[in-house]
Amino acid sequence: MATKSIAIATMNVAQVSKPGGDFEIVQREIPKPARGQVRIKVQACGICHSDVLTKDGGLPGIQYPRIPGHEVAGVIDELGEGVSEWEIGQYAGVGWHGGHDGTCPSCRRGDFRNCRNAQIPGISYDGGYQQFMVAPANAVVPIPATLRAAEAAPLLCAGITVFNALRHSGAMPGDLVAVQGIGGLGHLGVQFASKFGYKVAAVGRGSKNATIARKLGADLYIDSQSTNAAEELQKLGGARVILATAPSSKSMSALIDGLGPNGKLMVVGADSKPIEVTPVQLIFPTRTIEGWVAGSPADAEDTLNFAELSGVRPMIETYPLEKAAQAYARMLSGNAEFRVVLTM
């Protein structure tokens with residue numbers, strides 16, 4: 001009896017087969033969306049420092065082989081059963097917040113960002129270092145048509161993180177806001193802070209960052225290598241908010257005395273070492289320290305819409321998917337200006 005072979009559609013992916021393993025460019029079958037999921041034809045995926053968690057096995061329970069990537073922009077090309085809120089051909093993406101259960105105590109209060117069972121693309125399931133990916137429908141975000149995919153992708157993690165932290169910081173237009181670090185997060189933080197109407201002080205290491213900081217919208221630049229940045233901020237009356245984007249607890253600790261009365265250190269740069277602060281530093285000027293992580297899909301939509309309206313854009317370097325290893329190394333080097341993005 002003659003048999004009929006059925007061709008299986010395949011795609012290219014960049015996967016990691018084990019914690020600490022190298023990137024492998026392999027072919028996989030194009031996935032089908034399950035109930036409540038959508039499939040996205042990926043156009044761009046940002047490479048974030050948090051992808052180290054997948055690459056090196058930094059979180060328990062990651063199943064390998066795993067495809068990293070949580071800054072995904074593309075076009076919806078298939079809907080799973082029960083999905084009616086999205087349309088095929090719609091320009092959309094997925095960020096750090098990759099889904100929530102809708103039933104845990106946080107979700108019942110609308111705090112999806114702190115869902116007890118929150119999912120993260122590239123960690124909980126395969127992320128955007130591939131040509132097609134599936135994601136829960138409740139994690140998807142519409143992208144304004146005027147934003148290029150390679151520009152939109154970094155806004156879905158780096159962008160939302162600084163945008164959301166700043167708008168929940170308590171700072172008002174005209175307040176002094178310092179942005180520590182002029183890197184992947186910081187260069188977006190300076191732009192958003194400027195567009196929010198703050199008086200923006202960019203704090204970086206070395207004079208080389210002064211020109212780019214002012215180009216991004218900073219009103220002044222403080223070189224923490226040649227001056228005491230906290231003292232410089234106090235000369236200006238003390239910062240209402242310091243947005244700490246560089247992953248250096250030591251640098252954050254050195255800035256706490258730069259906060260004014262009721263000032264707040266907003267921590268978005270991740271470091272495993274402790275921030276050093278005395279109770280006296282916090283009590284008498286009534287200072288606070290608060291951590292912040294990304295936000296919900298609705299927050300991501302706000303970020304994208306505000307970026308479209310205000311002209312905030314990430315500065316990017318692009319690489320093809322096949323060069324994922326080189327692109328990842330470029331991100332790790334700290335020399336990229338300022339976000340690295342894979343394009344499909």
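Each residue takes its place number in the sequence, starting with 1.
For Glu301 (side chain) and Val141 (main-chain N/O), no donor-acceptor pair under 3.5 Å exists by modelled atom type. Using modelled atom types, no side-chain atom of Ser124 and backbone atom of Gln119 make a donor-acceptor pair closer than 3.5 Å. Proximity of a side-chain donor or acceptor of Tyr64 to a complementary backbone N or O of Gln15 within less than 3.5 Å is not detected. Using modelled atom types, no side-chain atom of Arg35 and backbone atom of Gly80 make a donor-acceptor pair closer than 3.5 Å. Looking at Ser106, its side chain does come within 3.5 Å of a backbone N or O of Asn114 through a donor-acceptor pair.
For the pairing with Arg339, the side-chain hydrogen bond (donor to acceptor under 3.5 Å, both in side chains) check across His187, Glu71, Glu151 returns one residue only, Glu71.
Across Ser224 and Val203, no two heavy atoms sit closer than the pair CB-CG1, 4.1 Å. Among all heavy-atom pairs drawn from Ala152 and Leu147, the shortest one is CB-CB, 4.2 Å.
Note: Trp292 and His168 have parallel aromatic rings, judged against thresholds of 30 and 60 degrees for the angle between ring planes.
The pair Asp126-Arg66 meets the salt-bridge criterion, since a charged nitrogen lies less than 4.0 angstrom from a carboxylate oxygen. In this structure, Arg167 pairs ionically with Asp299, as a charged nitrogen and a carboxylate oxygen lie closer than 4.0 Å.
Annotation: Phe196 is in aromatic contact with Phe163 [ring centroid separation under 6.0 Å].
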Q: Tell me, with the steps shown, if Asp51 and Thr54 meet side chain to side chain donor-acceptor pair (under 3.5 Å).
A: CA-CA 5 Å; Asp51 292 341; Thr54 302; 5.5 Å; no
